[in-house]
Structure formats: structure tokens, C-alpha cells
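These notes are about the structure you will find just below.
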Amino acid sequence: MRVVRPRLGCSPIATSLLVFVEKGVPSRIRGVGSGGRAMRGSGPVRPVRSSVGQRIELRRMQFGLSRRVVANLVGRSEEWLRLVEVGRLRLDSVEVITQLAEVLQIDDFRELIDRPPRRMRVGAEGTGPVLRALRDEILNHPAAATVSADRDGHAILAEGTRELERCEGVWAGSERRYSDPARRLPRVLASLRAEYWRCSDPAVRDVLIRAYHLCCELLTSVGSYDLAWVVADRAMNLADSRGHDAVVAVSAWQLSNTMLYLGNPSGSRDYAIAAATRFTAAADDQAATLRGALHLLAARATAAVPNPEESERLLASVAPEAQRPGRPLRVHGIGFGAAEVALTRMEIALARRDFDQVIDVAAGFDVAEDHPAGRQSRYHVVVAAAFAGRNDHMGAAYALGKAAEASAEDLRFDPDAHQTLRQLLRQDNRLLRRDVTRLAAIAELDGRATRTA
């Protein structure tokens, strides 16, 4: 059973010689006969019309060739060939394609070229009604907003600040952390944008930047990455004019994060590292936290390139700082610490479908109760997806239950939670049926329709 995970490395841009493939059936299943041995062949056999990686692996196994042998014959590493076969790396040159075709005795080298599939939206379904008002306000121009002439700027700023602080508090820990901010933020944005358009007051600008940051987090969490990028870009422009390094770093983190989810991992990595470099000379705890958070984001992006060695180097470089006590764990909503390093490792392992590593990392730590509700829920959702990937349905159901305890609304909007729930519903384990049906109701999935689909 296949578990769809966040598509961190996808890109909609490809030429006829750039291959974009999705990881299919696990390699231990592909190309294996009923007796468990790889199928071998002596004559030319037309590759199976599937992904390029699957064709290469099947053809290699038909001739009984190891990855190391094939990789050496085309002048690449064994790890490179493994990443190609599982769909995490693209064949990026005519020379390599023709060499592989010759080594594997593929008559037509075009068998090693795939057309890129349409890029699919990653977010959970059902987010439209929640975000409609917020989307409309983001796309409106502030000059079109109507502000009562008898209201002074101080009153507008004070009310906007109060409402934003309420939204920030709800987002950090309330059971309505999606629906309540989505309802309140449009009004906050409208008043702050109109006031800043009118007077360019630096105090209004600072609160507006915070509002954009919260909008970006919300939009990214529900999979509305295009809108998230818009507000992240606006926040960066405002922060850059402010000149405060911490606010610029937070804005850079938001922008880099949306770039990653929009399918530009290389750009995301470069942007995050450049922003972290800006803080190299700063020795205060706030700068160290933001520097570490930017390096963690760069590690995720680098893993999605993919460049696993460089990603591991980035993770190792921040591990000592993450263990240091007394440093703030969050700055303007951006977190860093030992728990965030572990969560990043889990996200990277889940993206490459290394379910055992996800479980191993998760076993070494647990998120504290004072950790933000969304991060607690995400930890349990990732664990659940890994258990489901190992066909441990009881473990998956238990982990989803813990995620719902941390933040029930995250089950509604997290695509990995939806995918895991669908797998559990299709299995229809009678021992888990009541719990899974309850979780499906929380996630607003139609359990009966999913089971019979």
C-alpha cells in the first residue's frame, strides 16, 4: 500500500531530457517473481512502461546486475543509481542516458525519458471555504479598503494588534487554531493594510509584518502555497525596509519555506543559507535560534534536491547548538532546538519513504507538552505515516489519535494524515474500526465512501 507524502522535491519545469518520476512500488517488490527471486533474462526485453527508475531497476535485475556494477559502467556512484531508481533523482544528461541504454541493452534510448506529470496540489481538500475570505483580502488592493474617517490611526493600530495577538495565541495552542484565525485575519489585514497605505507608519508596518507571517504559516499548513508565497514576499519587502535583522531572518525563513513547497528546493536552500550567513557574526541567543532554524530548513531543501550527504552535513552542523540550554526555542514563531532537529530528520526520512528511520528517530525523543500544538500534531502524523508505510495499522491509528489530542484541526488539513486515514479505512480492520471512523470524522473524511472506493 502506497503512502503519498509531501512532494518536497517536485518541479513543474522540465525539458525533454529532464526526467521527473514518482516513486512507485517499493524496490523489494518490483521485478521480483513469486518465488522472491529477481527475474532474469538473456535476450533484449522491452522495458515495462512505467517510471524511468522502475524501467532501469527492472532491466538491471533482468540481467542480474548489481547497482554498483551498472553505476560504475556509466561513471556514477551506487547511491546515485539508487536515487534514480526510486525516483528521487533525474537523468540529467544525454550522455548518461545513452550510456545506460547501452549497458542495459535498451534499443531505444527514449525509453529512459519520461514526460513530466502535471504537478499536483499537495494540501488537503476542503480548505476552500475556510480560506475564501482570507484569499479575497490578500488579493484586494489596500486602496480599495474603506476605513471610517472618524477613526484615528492609534485606535486602528491598537485594535489590529489586539486581534493579531489573539490570533497568534489561538494558532499556538487552541483546538480551533485554523478556523478561528482564518475568520479573524481578513479583518485584521484589511484594517492594517489600509492604514499603512494611508500613512506608512512604521508601527503599523511592524504589526502588518507579523500578520503576514501568521497568514503565511496558516496558508502553508493548508497547502495554499501560491498565496503563502505572496504574503511571504510582502513580509520580506516590508521587513527589508525596516532593517531589523531578526524580522528579516523570519521573513526569509517564510519565503524559503514556501519556495520549497512550490517545488524549488535548490532556490529554497540557497535563500535559507544566504539568510543564515547574514547572522554569522551575531552572537546573541535570538540570532543563534534563527540561524539554526534557517539551517534546518536548508537541510530539508537540500534533501529534496536531492543531496543527502550535504543535508546530513547541515543537520550535524546545528546539532551542538540545538542541545545548548538557555536559548529561546522560538523567535517570532520560528522554532529551533533538539526537538526541531529530530522533526526535520523525520520529515526528510518520510519524504524518501525510509519508514524505519522515522520510527527510530521518533523513539529517541518526544515533543514536550509546551511545544506548539501544530508541531506536536505534526510529530504524531509523521509517525503515523511511517507506521502505515510499514503496514503497522494499530501503530498508525494510535499515532493519529495522539495527533488529534494535540490538535484536532490538524487532522482536517494535514495531507499525510488524510492519506494515512484512507489507508486505514481501506484496510477496514474490525479491531480498529471504531477508532478509525472517529478519526475520519474529525478529519472530515467520508469513511464509508473511502472504504468502498
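Numbering of residues begins at 1 and proceeds along the displayed sequence.
- Shown here for A342 and V361, the closest heavy-atom pair between the two residues is O-CG1, 3.6 Å.
- Note that NZ of K402 is 9.5 Å distant from OH of Y379, once rounded to the nearest 0.5 Å.
- For the pair L189 and L208, the minimum side-chain heavy-atom distance is below 4.5 Å.
- Using cut-offs of 30° and 60° for the angle between ring planes, the Y261 and Y225 rings count as parallel.
- Side-chain contact between D180 and C167 is absent, with no heavy atoms from C-beta onward closer than 4.5 Å.
- Remark: side-chain polar atoms of S377 are not paired, donor with acceptor, to backbone N or O of D410 under 3.5 angstrom.
- Although no hydrogens or angles enter the test, the distance criterion places a donor-acceptor pair under 3.5 Å between the side chain of T344 and the main chain of E340.
- L164 and V207 get closest at one heavy-atom pair: CD2-O, 3.4 Å.
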Walk me through it: do L238 and V247 pass the test side-chain contact (heavy atoms from CB on, under 4.5 Å)? CA-CA 10 Å; L238 292 174; V247 177; over 6 Å; no

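- Counted within 6.0 Å of CD on E102, heavy atoms from surrounding residues, nucleotides or ligands total 12 or fewer; the atom is thus considered open.
- Other residues, nucleotides and ligands place no more than 12 heavy atoms under 6.0 Å from the CH2 atom of W229.
- The shortest side-chain heavy-atom distance between D356 and R390 falls under the 4.5 Å cut-off.
- Going from atom CZ of R269 over to atom CG of N264 covers 9.5 Å, rounded to the nearest 0.5 Å.
- Minimum heavy-atom separation, S311 to I348: OG-CD1, 3.6 Å.
- With a 4.5 Å cut-off on side-chain heavy atoms, H380 and E405 do not count as touching.
- Atom CD1 of I209 and atom CG of L214 lie 14.0 Å apart (nearest 0.5 Å).
- Distance check, rounded to the nearest 0.5 Å: CZ of R426 to CG of L421 gives 10.5 Å.
- Checking side-chain atoms of R60 against main-chain N and O of L65 turns up a donor-acceptor pair under 3.5 Å.
- Counting heavy atoms from C-beta outward, I334 and L294 have side chains that stay 4.5 Å or more apart.
- Looking at heavy atoms from C-beta onward, I138 lies in side-chain contact with L219 at the 4.5 angstrom threshold.
- Judged by distance alone, with hydrogens and angles left aside, the side-chain atoms of S407 form no donor-acceptor pair with the main-chain N or O of G374 at under 3.5 Å.
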Before giving the answer on side-chain contact (heavy atoms from CB on, under 4.5 Å), spell out for V367 and R375 the whole-Å C-alpha distance, their side-chain angles and the decisive distance to 0.1 Å. CA-CA 8 Å; V367 288; R375 300 304 286 160; 5.8 Å; no

Kindly determine whether E321 and R324 satisfy salt bridge (charged side-chain N to carboxylate O under 4.0 Å, His left out), including the steps that lead there. CA-CA 5 Å; E321 180 65 30; R324 187 169 66 84; 2.9 Å; yes

Evaluate the criterion side-chain contact (heavy atoms from CB on, under 4.5 Å) for residue pair V70 and I56; output intermediate values, then yes/no. CA-CA 10 Å; V70 173; I56 291 172; 5.6 Å; no

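- Distance alone, capped at 3.5 Å, is enough to place a donor-acceptor pair between the Q423 side chain and the A388 backbone.
- Using a 4.0 Å cut-off between a side-chain N of Lys or Arg and a carboxylate O of Asp or Glu, E78 and R68 qualify as a salt bridge.
- Closest approach of G335 and A293 over heavy atoms only: O-CB, 3.5 Å.
- In terms of modelled atom types and a separation under 3.5 Å, the side chain of E409 and the main chain of Y178 share a donor-acceptor contact.
- Using a 4.5 Å heavy-atom threshold, the side chains of L290 and F336 count as separate.
- In this structure a side-chain-to-backbone donor-acceptor pair under 3.5 Å is present from T258 to L255.
- The two residues G160 and L192 come nearest to each other via the heavy atoms CA-CD2, 4.4 Å.
- E168 pairs in a salt bridge (charged side-chain N to carboxylate O under 4.0 Å, His left out) with only one of the listed residues (R330, R162, R210), which is R210.
- Using a 4.5 Å heavy-atom threshold, the side chains of Q54 and E57 count as separate.
- Between the side chains of H213 and S251, at least one donor-acceptor pair of N or O atoms lies under 3.5 Å.
- For the atom pair CG of N257 and OG of S268, the computed distance is 7.0 Å after rounding to the nearest 0.5 Å.
- Panel note: side chain H418, backbone R412; a donor-acceptor pair is recorded below 3.5 Å.
- Using a 4.0 Å cut-off between charged side-chain N and carboxylate O, E163 and R166 make a salt bridge.
- Between H295 and V318, the closest heavy-atom pair is CB-CG1, 3.4 Å.
- With respect to R378 and E347, a salt bridge is recorded, a charged nitrogen being found less than 4.0 Å from a carboxylate O.
- Judged by distance alone, the side chain of R67 and the main-chain N or O of W80 form no donor-acceptor pair under 3.5 Å.
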One pair to check against side-chain contact (heavy atoms from CB on, under 4.5 Å): V382 and L343. What are the steps and the verdict? CA-CA 9 Å; V382 173; L343 272 167; 5.6 Å; no

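- A donor-acceptor pair shorter than 3.5 Å can be found between the side chains of Y212 and R193.
- Under 3.5 Å, the side chains of R345 and Q357 contain no donor-acceptor pair of N or O atoms.
- Separating the CZ atom in R59 from the CD1 atom in I106 is a distance of 6.0 Å, to the nearest 0.5 Å.
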